[in-house]
S.K.: 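Can you keep this structure in mind? I'll have questions shortly.
What you see is a predicted model; the values in this text were computed from it and never measured. All chains are named by letter (A, B, ...) in the order of the sequence lines, taking the proteins before the strands, and each is independently numbered beginning at 1.
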Amino acid sequence: MSTIWLMKSEPAEVSIDDALAASNQTVPWFGVRNYQARNFMRDQMRPGDPVLFYHSSCPEPGIAGLAEVAGAPYPDPTQFDPKSPYFDPKSDPSEPRWILVDVKALRKIPLVPLGELRRHAPLSGMRLLARGNRLSITPVTRAEYNFIKKQFLG
DNA sequence: GCCAACGTTGGC
DNA sequence: GCCAACGTTGGC
């Protein structure tokens with residue numbers, strides 16, 4: 001049984017449109033620098049897991065598209081690039097600290113705003129909505145996922 | 001720009 | 001191992 005994920009991206013950096021325009025509609029999920037989120041990618045994600053593509057830190061935060069995990073985890077190359085904002089001088093190339101997966105965008109959806117998600121009781125347990133949540137990758141339950149699809153995607 | 005919440009760092 | 005200080009996230 002696959003796990004379902006919600007993954008936040010700043011659209012100014014990689015939007016759902018950017019992902020759909022990428023080669024094979026696939027983008028590496030670079031830049032995660034939080035151990036819990038890394039561990040989800042490294043230890044729990046499997047190719048084909050459904051992903052809700054969420055836009056954060058932008059004028060209209062919300063779910064912007066559907067995607068899926070596209071491959072096995074591998075080291076995030078930006079951690080070794082001194083010119084990258086995600087450069088991590090403490091990461092040893094022989095034992096990379098930051099791991100990512102590729103994500104394949106499937107389709108853009110009419111934006112489901114954060115405020116709309118908060119409005120529905122069946123979604124009140126979503127990790128995304130928890131007070132103080134900052135985690136950029138969170139699991140989504142099958143019930144939450146099904147509700148979102150039924151409610152917002154007809 | 002503000003600020004609540006949370007994660008990380010580093011001295012002890 | 002504790003915990004204060006600091007840095008970051010991310011909505012508003």
Side-chain angles (χ1 to χ4, degrees), chain A residues 3-22 26-45 49-70 73-141 143-145 147-149 151-153:
Chain A
T3 308
I4 302 160
W5 306 96
L6 182 144
M7 301 178 77
K8 296 182 186 174
S9 181
E10 301 190 13
E13 185 146 37
V14 181
S15 68
I16 183 70
D17 290 321
D18 294 334
L20 284 167
T26 299
V27 290
W29 210 262
F30 61 86
V32 169
R33 296 293 180 269
N34 169 281
Y35 289 104
Q36 207 176 344
R38 178 206 66 182
N39 292 348
F40 282 144
M41 291 195 284
R42 187 190 63 185
D43 305 332
Q44 292 187 234
M45 286 190 178
D49 281 0
V51 171
L52 298 172
F53 195 116
Y54 181 92
H55 284 174
S56 69
S57 291
C58 59
E60 290 188 297
I63 298 170
L66 302 181
E68 66 182 20
V69 175
Y74 62 96
D76 180 343
T78 64
Q79 71 194 302
F80 304 123
D81 177 1
K83 294 194 220 76
S84 169
Y86 301 111
F87 178 57
D88 182 354
K90 294 190 208 156
S91 182
D92 176 353
S94 70
E95 199 170 343
R97 181 178 295 194
W98 304 111
I99 302 295
L100 56 66
V101 297
D102 287 344
V103 173
K104 181 183 175 89
L106 299 176
R107 67 183 175 102
K108 189 175 185 175
I109 64 172
L111 188 83
V112 182
L114 178 60
E116 184 65 27
L117 294 170
R118 291 193 191 285
R119 195 163 293 133
H120 297 275
L123 302 179
S124 60
M126 281 186 82
R127 185 92 177 261
L128 172 76
L129 306 180
R131 179 181 179 79
N133 172 66
R134 297 186 314 175
L135 200 53
S136 65
I137 299 176
T138 52
V140 175
T141 69
E144 290 159 354
Y145 185 65
F147 180 86
I148 288 167
K149 287 210 293 190
Q151 186 74 26
F152 304 113
L153 304 176

S.K.: Let's see if you can work this out: which of dG11(C), dT9(B), dG10(C) has an atom nearest to the side-chain heavy atoms of Lys90(A)?
M.R.: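 Nearest to the side-chain atoms of Lys90(A), counting from C-beta on, is dT9(B).
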
S.K.: According to a strict under-4.0 Å criterion, is Lys8(A) in side-chain N/O contact with OP1 or OP2 of dT9(C)?
M.R.: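 So the side-chain polar atoms of Lys8(A) never come under 4.0 Å of the phosphate oxygens OP1 or OP2 of dT9(C).
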
S.K.: Measure the distance from CH2 on Trp98(A) to C1' on dG7(B) and round it to the nearest whole Å.
M.R.: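 After rounding, the gap between these two atoms is 10 Å.
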
S.K.: With respect to the side chain of Tyr35(A), which nucleotide from dG11(C), dG10(C), dT8(B) is positioned closest?
M.R.: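 Looking only at side-chain atoms, Tyr35(A) lies closest to dT8(B).
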
S.K.: Gln79(A) vs Ser91(A), test: side-chain hydrogen bond (donor to acceptor under 3.5 Å, both in side chains). Steps then yes/no.
M.R.: CA-CA 7 Å; Gln79(A) 71 194 302; Ser91(A) 182; 2.7 Å; yes

S.K.: Can you measure Asn34(A) atom CG to dG7(C) atom P for me and round it to whole angstrom units?
M.R.: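 Roughly 18 Å, once rounded to whole Å.
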
S.K.: Would Arg97(A) and Asp76(A) pass as an ion pair if we require N to O under 4.0 Å?
M.R.: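 Salt bridge absent between Arg97(A) and Asp76(A).
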
S.K.: If you go through the side-chain atoms of Arg134(A), does one of them form a donor-acceptor pair with the base of dT8(C) closer than 3.5 Å?
M.R.: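 Indeed, a donor on one side and an acceptor on the other fall under 3.5 Å apart.
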
S.K.: Determine, step by step, whether Thr78(A) and Asp81(A) satisfy the side-chain hydrogen bond (donor to acceptor under 3.5 Å, both in side chains) criterion, reporting the C-alpha distance in whole Å, the side-chain angles of both residues, the deciding distance to 0.1 Å, and the verdict.
M.R.: CA-CA 5 Å; Thr78(A) 64; Asp81(A) 177 1; over 6 Å; no

S.K.: Using distance alone, with no hydrogens and no angle criterion, decide if Asp102(A) and Trp29(A) have a side-chain donor and acceptor under 3.5 Å apart.
M.R.: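 Side-chain D/A pair, Asp102(A) to Trp29(A): absent.
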
S.K.: When you get a sec, tell me which of dG7(B), dG10(C), dG11(C) is the closest nucleotide to the side chain of Gln36(A)?
M.R.: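 Out of dG7(B), dG10(C), dG11(C), the nucleotide with an atom closest to Gln36(A)'s side chain is dG7(B).
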
S.K.: Below the 4.0 Å mark, does dG11(C) have OP1 or OP2 next to a side-chain nitrogen or oxygen of Tyr54(A)?
M.R.: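 For dG11(C), OP1 or OP2 has a side-chain N or O of Tyr54(A) closer than 4.0 Å.
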
